[in-house]
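Notes follow once the structure below has been shown.
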Protein chains: 2
Amino acid sequence: MKPHSKTAPHPRPHPDDWKQSLRRRSGRVTRSRQVILEILRHKPCPLTPQEIAQALAPKHCDLATIYRTLARFEELGMVQRVDLGDGRARFEIAEDQPGGRHHHHLVCRGCSRIVEIDDCIPAELEAQMARQHGFQQITHKLEFFGLCPKCQVRS
Amino acid sequence: MKPHSKTAPHPRPHPDDWKQSLRRRSGRVTRSRQVILEILRHKPCPLTPQEIAQALAPKHCDLATIYRTLARFEELGMVQRVDLGDGRARFEIAEDQPGGRHHHHLVCRGCSRIVEIDDCIPAELEAQMARQHGFQQITHKLEFFGLCPKCQVRS
DNA sequence: GTGGATGCAAAGTGTTTGCATGGAC
DNA sequence: GTCCATGCAAACACTTTGCATCCAC
């Protein structure tokens, strides 16, 4: 069940295209920015700014810088914000970027483990909603919560 | 399209049952608590603690009290927390309470207007996910975002 | 009268901003 | 050399907590 199949897949940019698009917008390709992007590309789940800071701990990067970088990357459409309802922001590679894809998350209520999920809601559901309420450009956030096998035993 | 039909509807408690269930748990039925519940019952969309404070402005109730009351009500299963991704908590009557029902929200990205939506994801989707990843007691959060008719004109 | 609820103030937590310095181009 | 990015500290918004007082029972 993967009803959210893209009809016209985006052109896949070269992994380093971002450097040019950043420079074009008078931004600079700094070491921090490269490392942050590397970390996001290699992690299987969305990360909080704190987690990113830890991941690049040896090279120490200020939290404020991480926030600013992520905000910039979000503007450029390189990363997207994920909200799992615990009051802290998480970021992952945007779904139309190399290494990204449209997906949702299944979060364990016990240990907070995050599993990525490819299933999605029927596209027709959004279309119908758009018609019914006159809204346009509809997007959605869908997250699942449950108890993972380990935490079922524990409780 | 309303695939989330309840098979066995909860017994509908009397609107004032909460007073007894609160007292049973050694809680007290104070004026603040009654008014807060009244406000939530009469509003068509989830409210932030701030909005609740405004709504009962003449009778002034401290924000801390509102937070504590909502936390208590949430424990008792009377209200539920809604997260629309803007970093502030919202609350509404729980879906199995009198006046509540399972629903989701469609939020305007322009003016933040909130519309309640009865559509839901196919129950089969959750069931399959449970099987596939071994999770249990799966719940979901589903929120839609778009541009309402007014904001389409503006932009 | 007792124990829980409230108001007020202070502390927490995640995030953002101001400003001087450092580094990409 | 110019201008943007960074680090550090202060400011912010929302939420939680401590404590003396108040009130439901």
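Worth knowing before you read on, the calculation uses all heavy atoms, side chains too, and leaves out hydrogens, waters and symmetry mates. Quick note on labels: first sequence line is chain A, next is B, and so on, each numbered from 1.
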- Message: Return whichever of B:P49 or B:T30 has its heavy-atom-nearest nucleotide of DNA chain D closer to the 5' end.
- Response: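 Result: B:P49.
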Which heavy atom of [X] sits nearest a heavy atom of [Y], and at what distance?
X	Y	result
B:E116	B:C45	OE2-CA, 3.6 Å
A:G146	B:F135	C-CD2, 3.8 Å
B:L70	B:P49	CD1-CG, 4.2 Å
A:R72	A:G27	NH2-CA, 3.7 Å
B:C148	B:R113	CB-NH2, 3.5 Å

- Query: Does the side-chain hydrogen bond (donor to acceptor under 3.5 Å, both in side chains) test come out yes or no for A:E74 and A:Q80, once each step is laid out?
  - Reply: CA-CA 6 Å; A:E74 198 182 12; A:Q80 63 197 11; over 6 Å; no
- Message: So if I take every side-chain heavy atom of B:R33 and compare against D:dT15, C:dG14, C:dA5, which nucleotide ends up nearest?
- Response: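 Nearest to the side chain of B:R33 among the choices is C:dA5.
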- For residues A:H140 and A:H102, establish whether the separation of their ring centroids is below 6.0 Å.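 Judged by ring-centre distance (under 6.0 Å), A:H140 and A:H102 do meet the cut-off.
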- Strand-adjacent residues in residues 53-74 of chain A, judged by heavy atoms under 4.0 Å from DNA chain C: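 Contacts with DNA chain C under 4.0 Å: A:A64, A:Y67, A:R68.
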In whole angstrom, give the distance that lies between atom [atom1] of [X] and atom [atom2] of [N].
X	N	atom1	atom2	value
A:L22	C:dG23	CG	C1'	15 Å
A:R88	D:dT15	CZ	C1'	14 Å
A:E75	D:dA5	CD	P	10 Å
A:F91	C:dG14	CZ	C1'	11 Å
B:R31	C:dT6	CZ	P	10 Å
A:L84	C:dG14	CG	C1'	15 Å
B:I52	C:dT6	CD1	P	13 Å
B:R24	C:dG3	CZ	C1'	19 Å

- Base, sugar-phosphate, or nothing for B:R28, non-hydrogen atoms under 4.0 angstrom?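 Base contact.
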- Query: How would you label the contact of B:S26 with the nucleic acid (heavy atoms, under 4.0 Å): base, sugar-phosphate, or nothing?
  - Reply: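 Answer is sugar-phosphate: B:S26 comes under 4.0 Å of backbone atoms only.
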- Message: I'd like to know if B:R88 and B:D83 make a salt bridge, using a cut-off of under 4.0 Å between side-chain N and carboxylate O.
- Response: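 No, B:R88 and B:D83 are not salt-bridged.
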- Query: With the threshold set at 4.0 Å, does a side-chain nitrogen-carboxylate oxygen contact exist between A:R101 and A:E92?
  - Reply: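 The answer is no: the pair does not qualify as a salt bridge.
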- Message: C:dT6, OP1 or OP2 - any side-chain N/O from B:S32 closer than 4.0 Å?
- Response: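 Yes, because at least one side-chain N or O of B:S32 sits under 4.0 Å from OP1 or OP2 of C:dT6.
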- Message: Using C1' atoms of five pairs at each end, report the bend of the helix from C:dG1-D:dC25 to C:dC25-D:dG1 rounded to 10 degrees.
- Response: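 Terminal axis comparison yields 30°.
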